[in-house]
Student: 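Have a look at this one.
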There are 2 protein chains.
Amino acid sequence: MTEDSTAARVTPTLEMVAAVAGVSRSTVSRVVNASPRVTPDALKAVTAAIDQLGYVPNRAARSLASRRTFTIALVIPENTAKFFADPYFASVVQGVAMYLSGTDYTLTLIIASEAEPEKTRRYLQGGNVDGALILSHHRDDRSYVQLARSLPVVFGGRPMSQEGEENFIVDVDNVAASTVATRYLLDHGRRRLATIAGPQNMAAGIDRVEGWRAALAEAGLHSDLLEEGDFTPEGGAAAMERLLARGEPFDGVFIASAQMASGALGALRSHGLSVPADVAITSMDNDYFAKNATPPLTTIDQPAGVQGTKIAEVLVRLINGEEVEKLTLIPTELVERDSV
Amino acid sequence: MTEDSTAARVTPTLEMVAAVAGVSRSTVSRVVNASPRVTPDALKAVTAAIDQLGYVPNRAARSLASRRTFTIALVIPENTAKFFADPYFASVVQGVAMYLSGTDYTLTLIIASEAEPEKTRRYLQGGNVDGALILSHHRDDRSYVQLARSLPVVFGGRPMSQEGEENFIVDVDNVAASTVATRYLLDHGRRRLATIAGPQNMAAGIDRVEGWRAALAEAGLHSDLLEEGDFTPEGGAAAMERLLARGEPFDGVFIASAQMASGALGALRSHGLSVPADVAITSMDNDYFAKNATPPLTTIDQPAGVQGTKIAEVLVRLINGEEVEKLTLIPTELVERDSV
DNA sequence: GTGAAAGCGCTAACAC
DNA sequence: GTGTTAGCGCTTTCAC
């Protein structure tokens, strides 16, 4: 099975398969590409030859001839460290990779160099990939929105562009999720609510504030107790400090990410405030931070793996010319723990 | 700059560059491949043409003609979730990606399907990549060791193979690191030491036990208080429970990963034991888990990003036929916090 | 349904 | 130093 005494130590080509199977290269190609126009006999012979030789198509040749690359780019921001430090992105990447492993597509990670954005753009537009995935949680994705005009592109998370209408987006329903999380606070008797928001130049940041306000409004309430963080534990701690420094009492906080919540918890603790006795907390992200905080956080689970799978699926369908909805929303779920 | 009125909306080819620059395709190719055998004049003309046209080489064609793919595979285990959940791997991937972004190589993630290991092997051996990176922290990497016979392969972490001698490995010095961590416990007056080890079918797991024993031996001590975990928080908690259930007192524990330590901390707490008063702890991994544990852990920092960079660098040099040492060791460092 | 022929865009000898 | 000539291994019309 591993030791072919007959075959030389050479990478088998399609031509060799054709010879062994006793058919033309065209037929082998048809089999490899699952064309229906092949007789069962020919199919069998070719399949056998492929197995015998251990043939694997050469991507480069295939790609050159077909003008498809079978590769999908996952564009990640230059600040790779921060990117991967976020379990959310890691899970999304995982979902993407898993989905793609079941297809002919290959995933390539490309780092968007902020120093030479042109380089990235050209590479992507230069026919080196069949499509691109943009995990969009950052500042200015306008350049990628432009990219979408010449290449199938799917955004994970709504991009902050002027002309947003025409993009393919896979996202969680941030407004609904944060409304639910805030309502939970209200339903548990908290009235003086605050929020630690995400960056207000990101869609996720903005939408989550919107949900918070919406739930408040439903209850006939209003609050100005908003401080902004950068989705990191440190940012969350600092935001909580600022909230406390205001001197206005609050008994419930919706925090836009579990990482920020974990930081905020520390700040609360250092001020001698206890959760949930003094302050109740709900947050987004059902990740390690949420599960292992003290106390464990009541939070919104946004299945990142599912989002990864979906975003990849949408892109593949887009590439294949299938019909795809512009917006795919991933449902979220509230997970009750001990922070309320 | 973006709107070329003259050029049609077509991907520019090398031939078009040649025409614009008034030279032959060969010359353009030489420029693209940074050959020294080009006159300054020609170089200038070609460079200008490339800029003007926004030319990007077609990888497929390049690869087909040169028989190099300019892609490097990062093989990750099927259990992608667990993989990315570990900040260590995430950082290594990041290091790899960063290093590669400065080269002509592209990184592709390939998921090793345990169901069809042949599929992975064939793909890798089928000439679709120039080399492979195996982040080896798992069970049985023998198949990859075989792979190394037909493809440049570098292992991140020592693989558990019979024939290990001939592999290229980039690793942290686990024995030295765990010796230092254990010695630290001894130097702080702890005498009855235990350890929560990593899986004993992984090199990192084994080596860290070896270091623990070595430090103990130095001090003329010995201990049988060893329980094995799987590097996860849950595994660490369970191992600590078993340790406590033994009924033999201990006042210091070396834990083979920060994730396990964070779990163990919870177990200790639930038994009313305080750290470091009752039990002192040192561990490996200076990650989020170590920094944010209560109390923050005194731990060994193994710079995962550096390892990622190194492993990629070694592979690229290997591919380029440069001379490379078989074993590259990454130095580690003890970080003092509050768990001792 | 199957084969023959013509490239895909580039690199790599080889002459000049 | 530069151009010419062949392909790299595959897909893809187009006849049959």
Side-chain angles (χ1 to χ4, degrees), chain A residues 10-47 49-50 53-71 104 106 122-123 125-130, chain B residues 8 10-47 49-50 53-71 104 106 122-123 125-130 320:
Chain A
V10 181
T11 322
T13 68
L14 182 147
E15 186 155 16
M16 294 167 60
V17 174
V20 170
V23 299
S24 75
R25 299 185 311 184
S26 318
T27 300
V28 178
S29 177
R30 289 191 187 97
V31 171
V32 170
N33 293 289
S35 158
R37 315 196 136 275
V38 179
T39 21
D41 280 357
L43 177 65
K44 198 188 306 172
V46 171
T47 311
I50 287 179
L53 263 35
Y55 169 75
V56 182
N58 177 309
R59 306 186 102 242
R62 220 223 278 234
S63 159
L64 186 55
S66 67
R67 308 169 135 292
R68 304 182 59 183
T69 65
F70 298 99
T71 107
D104 269 353
T106 256
R122 279 190 187 176
Y123 180 81
Q125 283 183 168
N128 293 308
V129 301
D130 289 342
Chain B
V10 181
T11 322
T13 69
L14 182 146
E15 186 156 14
M16 294 166 59
V17 174
V20 172
V23 300
S24 75
R25 298 184 314 183
S26 320
T27 299
V28 177
S29 177
R30 290 192 186 95
V31 171
V32 170
N33 293 290
S35 158
R37 315 196 137 275
V38 178
T39 22
D41 279 359
L43 176 67
K44 198 187 304 171
V46 171
T47 311
I50 287 179
L53 263 34
Y55 168 75
V56 182
N58 177 310
R59 307 187 100 243
R62 219 212 302 213
S63 159
L64 188 56
S66 67
R67 306 170 135 293
R68 305 182 59 183
T69 65
F70 297 99
T71 107
D104 269 353
T106 256
R122 279 190 186 175
Y123 180 82
Q125 283 184 170
N128 293 308
V129 301
D130 289 342
N320 291 339

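Residue numbers start from 1 in every chain, and the chains themselves are labelled A, B, ... in the order their sequence lines are given, proteins ahead of strands. Computed from a predicted model, the values in this text were never measured in an experiment.
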Student: When the distance from CZ of B:Arg68 to C1' of C:dA12 is rounded to whole Å, what number comes out?
Tutor: 14 Å
Student: Less than 4.5 Å apart, side chain to side chain, heavy atoms only: is that true for B:Arg25 and B:Val28?
Tutor: no
Student: List for me each residue that meets side chain to side chain contact (heavy atoms under 4.5 Å, CB included) alongside B:Arg30, sequence neighbours excluded, and say none if there are none.
Tutor: B:Ser26, B:Thr27, B:Ser35, B:Val38
Student: My understanding is that only residues two or more places apart in sequence, or in another chain, count here; which of them pass side chain to side chain contact (heavy atoms under 4.5 Å, CB included) with B:Arg68?
Tutor: B:Ser66, B:Phe70, B:Tyr105, B:Asp130, B:Ile319, B:Asn320
Student: At their closest point, which heavy atom of B:Leu53 faces which heavy atom of B:Pro12, and how far apart are they?
Tutor: O-CG, 3.4 Å
Student: OP1 or OP2 of D:dG1 sitting under 4.0 Å from any side-chain N/O of B:Arg37?
Tutor: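 For D:dG1, OP1 or OP2 has a side-chain N or O of B:Arg37 closer than 4.0 Å.
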Student: Return the value, rounded to whole Å, for the distance between atom CG of B:Leu64 and atom P of D:dA6.
Tutor: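 After rounding, the reported distance stands at 18 Å.
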Student: From the list D:dG3, D:dT12, D:dC10, which nucleotide is the closest neighbour of the side chain of A:Ser66?
Tutor: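 So the side chain of A:Ser66 is nearest to D:dT12.
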Student: Would you say a side-chain N or O of B:Arg67 is under 4.0 Å from OP1 or OP2 of D:dC8?
Tutor: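 False: B:Arg67 side-chain N/O out of range (4.0 Å or more) of D:dC8 OP1/OP2.
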Student: Rounded to the nearest angstrom, tell me the gap between atom CD in A:Glu15 and atom P in C:dA5.
Tutor: 13 Å
Student: Tell me the interatomic distance from B:Leu14, atom CG, to C:dC8, atom C1', rounded to whole angstroms.
Tutor: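 Nearest whole value for this atom pair: 14 Å.
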Student: B:Asn33: what forms a side chain to side chain donor-acceptor pair (under 3.5 Å) with it, not counting sequence neighbours?
Tutor: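 For B:Asn33 the side chain to side chain donor-acceptor pair (under 3.5 Å) partners, ignoring immediate neighbours, are B:Ser29, B:Arg62.
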Student: Starting at atom CZ of B:Arg59, determine the distance to atom P of C:dT11, rounded to an integer number of angstrom.
Tutor: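 For the pair B:Arg59 CZ and C:dT11 P, the rounded distance is 12 Å.
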Student: Rounded to whole angstroms, how far apart are CZ on A:Phe70 and P on D:dC10?
Tutor: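 The distance from CZ of A:Phe70 to P of D:dC10 comes to 13 Å, rounded to the nearest Å.
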Student: The criterion is side chain to side chain contact (heavy atoms under 4.5 Å, CB included); which residues satisfy it with B:Thr71, sequence neighbours excluded?
Tutor: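 Partners of B:Thr71 by the side chain to side chain contact (heavy atoms under 4.5 Å, CB included) criterion, ordered by chain and then number, come out as B:Arg59, B:Thr69, B:Thr106, B:Thr108, B:Val129.
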Student: Atom CG of A:Asn58 to atom P of D:dT11: distance rounded to whole Å?
Tutor: 10 Å
Student: Would you mind reading off the distance between A:Asp104 atom CG and D:dC10 atom P, rounded to a whole angstrom?
Tutor: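 Taking CG of A:Asp104 and P of D:dC10, I get 14 Å after rounding.
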Student: If the condition is side chain to side chain contact (heavy atoms under 4.5 Å, CB included), which residues does A:Ile50 pass it with, not counting sequence neighbours?
Tutor: A:Val17, A:Val32, A:Val46, A:Tyr55
Student: Indicate, with a heavy-atom threshold strictly under 4.0 Å, whether A:Ala42 touches base, sugar-phosphate, or nothing.
Tutor: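 Here A:Ala42 touches the backbone only, sparing every base.
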Student: Scan residues 24-36 of chain A against DNA chain D and write down, sorted by residue number, each residue with any heavy atom closer than 4.0 Å; if none is found, say none.
Tutor: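 The stretch gives A:Arg25, A:Ser26, A:Ser29, A:Asn33 as the residues lying under 4.0 Å from the strand, ordered by number.
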